[in-house]
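Note that this is a predicted model, so its numbers are computed, not measured.
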Amino acid sequence: MNNVYTHGHHESVLRSHTWRTAENSAGYLLAHLRPGMSLLDVGAGPGTITADLARLVEPGRTTALEANDAALDITRATFADLDLGVEFVVGDVHALDLPDDTYDVVHAHQVLQHVADPVQALREMRRVCKPGGIVAVRDSDYHGFIWYPELHELDEWMALYQRMARANGGEPDAGRRLLSWALAAGFQDVEATTSTWAFTNPEDRAFWGGMWADRILKSALADQARASGVPEQQLEAISEAWQSWTATPDATISILHGELLCRA
């Protein structure tokens with residue numbers, strides 16, 4: 001049940017993914033971590049969150065899991081100069097090749113929105129989590145993004161992303177569905193919260209808007225859009241709109257996330 005990963009691994013994608021830390025992306029989980037815990041990070045990506053989590057559970061064991069060797073090589077590169085004992089594993093979250101009841105914490109950030117069967121993924125995450133342990137997930141909700149000023153081309157960007165993500169088998173509005181998926185997966189003790197990333201000052205706007213101005217032209221998403229018949233002129237107009245948004249002194253964007261702490 002492997003999906004096409006909508007974003008791909010272009011530099012413009014990794015630019016945003018390497019910005020992520022445990023503090024800005026897993027704050028809801030941190031108070032529950034203790035030294036000596038074992039932790040599985042599903043969809044570790046470039047590993048910046050993974051590294052932070054590994055430091056918090058040392059000397060416990062941390063495992064970083066990615067869908068294929070190429071993606072896992074990106075994770076490994078982050079750890080090359082870090083003195084952290086992390087195990088690297090290739091696997092499919094729908095059918096993890098890991099024993100039952102192995103980890104105190106199973107974590108996934110921005111993963112369930114991309115998988116073919118989020119409920120089955122959660123069942124597998126629960127299976128490999130020790131009884132009483134925590135399954136922690138956080139996902140964006142794209143239709144919950146709020147930006148100003150309201151540029152028509154950014155509405156086109158949203159519609160395009162929604163269409164491409166769903167064509168790839170994903171659910172871009174995953175954040176609002178997390179609780180429903182967890183209950184369907186059999187969890188009974190679930191704490192559901194939301195949080196946001198806010199990009200409101202010139203530096204933040206340059207980061208977020210510049211990243212998307214590049215990503216809409218150069219990433220796997222852009223290639224998929226072209227293959228589906230989206231005109232180059234439309235992609236360029238979206239890119240220019242992100243640049244215009246970045247240069248607007250009162251521009252803001254709020255990125256909504258759903259998040260869950262589920263007791264196994």
Quick one: do the [X] and [Y] side chains pair a donor with an acceptor below 3.5 Å?
X      : Y      : answer
Gln224 : Thr6   : no
Ser195 : Arg138 : yes
His94  : Asp117 : no
Gln162 : Asp173 : yes

Practice item. Using the side-chain contact (heavy atoms from CB on, under 4.5 Å) rule, take Leu178 and Leu112 through it: C-alpha gap first, then chi angles, then the decisive distance, then the call. Key: CA-CA 8 Å; Leu178 293 183; Leu112 295 184; 3.9 Å; yes

To the nearest 0.5 Å, what is the distance between [atom1] on [X] and [atom2] on [Y]?
X      : Y      : atom1 : atom2 : value
Leu151 : Ser244 : CG    : OG    : 5.5 Å
Ser140 : Phe145 : OG    : CZ    : 4.5 Å
Arg205 : Glu203 : CZ    : CD    : 8.5 Å
Ile134 : Met37  : CD1   : CE    : 6.0 Å
Arg177 : Glu171 : CZ    : CD    : 4.0 Å
Arg166 : Arg163 : CZ    : CZ    : 12.0 Å

Answer yes or no: is there a donor N or O on one side and an acceptor on the other, between the side chain of [X] and the main chain of [Y], under 3.5 Å?
X      : Y      : answer
Ser38  : Gly60  : no
Arg127 : Leu98  : yes
Ser219 : Leu221 : yes
Asp139 : Gln113 : yes
Arg34  : Ala31  : yes
Asp52  : Ala22  : yes
Asn24  : Thr21  : yes
Thr18  : Leu14  : yes

Ignoring hydrogens, what is the shortest heavy-atom contact between [X] and [Y]? Give both atom names and the distance.
X      : Y      : result
Lys130 : Asp101 : CG-O, 3.4 Å
Met125 : Ala108 : CE-CB, 3.7 Å
Thr246 : Gly210 : OG1-N, 3.7 Å
Leu217 : Ser239 : CD1-OG, 3.5 Å
Leu122 : Ala182 : CD1-N, 3.7 Å
Asn201 : Asp204 : OD1-N, 2.8 Å

Practice item. Start with the C-alpha distance between Arg20 and His109, add both sets of side-chain angles, then the distance that settles side-chain contact (heavy atoms from CB on, under 4.5 Å), and finish with yes or no. Key: CA-CA 10 Å; Arg20 298 171 182 172; His109 186 263; 3.8 Å; yes

**Study point:** Pair Thr194-Arg176, side-chain hydrogen bond (donor to acceptor under 3.5 Å, both in side chains): steps then yes or no
**Key:** CA-CA 9 Å; Thr194 63; Arg176 69 189 67 186; over 6 Å; no

Are [X] and [Y] packed together at the side-chain level, in the sense that at least one heavy-atom pair is separated by less than 4.5 angstrom?
X      : Y      : value
Val105 : Val57  : no
Ile146 : Ile253 : no
Leu154 : Trp147 : yes
Leu65  : Leu96  : yes
Glu153 : Glu240 : no
Asp141 : His143 : yes

Practice item. Each residue besides Val13 in its hydrophobic cluster should be listed here, by chain and number; the cluster joins Ile, Leu, Val, Met, Phe, Trp and Tyr at side-chain heavy-atom distances under 4.5 Å. Key: none

Practice item. Output the rest of the hydrophobic cluster of Val86: all Ile, Leu, Val, Met, Phe, Trp and Tyr residues reachable through side-chain heavy-atom contacts under 4.5 Å, sorted by chain and number. Key: Leu72, Phe79, Leu82, Leu84, Phe88, Val90

Practice item. Could you go through the side-chain hydrogen bond (donor to acceptor under 3.5 Å, both in side chains) check for Glu66 and Thr75 one step at a time? Key: CA-CA 8 Å; Glu66 262 297 347; Thr75 313; 4.9 Å; no

Review point. More than 12 non-hydrogen atoms from neighbouring residues, nucleotides or ligands closer than 6.0 Å to CG on Asp250, yes or no?
Key: yes

Point to revise | Flag if over 12 foreign heavy atoms under 6.0 Å of CG, Asp97 | key: no

Joint hydrophobic cluster, [X] plus [Y], side-chain heavy atoms closer than 4.5 Å:
X      : Y      : value
Leu39  : Tyr103 : no
Val135 : Val89  : yes
Leu179 : Leu29  : no
Val106 : Ile49  : no
Val115 : Tyr142 : no

**Study point:** Trace of the side-chain contact (heavy atoms from CB on, under 4.5 Å) decision for Thr193 with Leu261
**Key:** CA-CA 9 Å; Thr193 55; Leu261 292 171; over 6 Å; no

Exercise for review: Answer yes when Asp214 and Arg15 have at least one side-chain N-carboxylate O distance shorter than 4.0 Å, and no when they do not.
Suggested key: yes

Check your understanding: Do Phe199 and Trp19 pass the ring pair (Phe, Tyr, Trp, His ring centres under 6.0 Å) test, and can you show the C-alpha distance, the side-chain angles, and the key distance before you say yes or no?
Key -> CA-CA 13 Å; Phe199 299 96; Trp19 167 84; 5.6 Å; yes

Point to revise | Centroid separation Tyr28 to His257 less than 6.0 Å | key: no

**Study point:** Aromatic centroids of His7 and His114 separated by under 6.0 Å
**Key:** yes

Check your understanding: Could you walk me through whether Glu191 and Arg263 pass the side-chain contact (heavy atoms from CB on, under 4.5 Å) check?
Key -> CA-CA 9 Å; Glu191 179 182 347; Arg263 287 287 176 183; over 6 Å; no

Practice item. Could you label the plane-to-plane angle of the Trp212 and Tyr161 rings as parallel, tilted or perpendicular, counting under 30° as parallel and over 60° as perpendicular? Key: perpendicular

Review point. Relative to each other, are the rings of Trp157 and Trp242 parallel, tilted or perpendicular (30° and 60° limits)?
Key: perpendicular

Exercise for review: Apply the test side-chain hydrogen bond (donor to acceptor under 3.5 Å, both in side chains) to residues Thr62 and Glu87: give CA-CA distance (whole Å), side-chain angles for both, the deciding distance (0.1 Å), then the verdict.
Suggested key: CA-CA 6 Å; Thr62 295; Glu87 177 186 15; over 6 Å; no

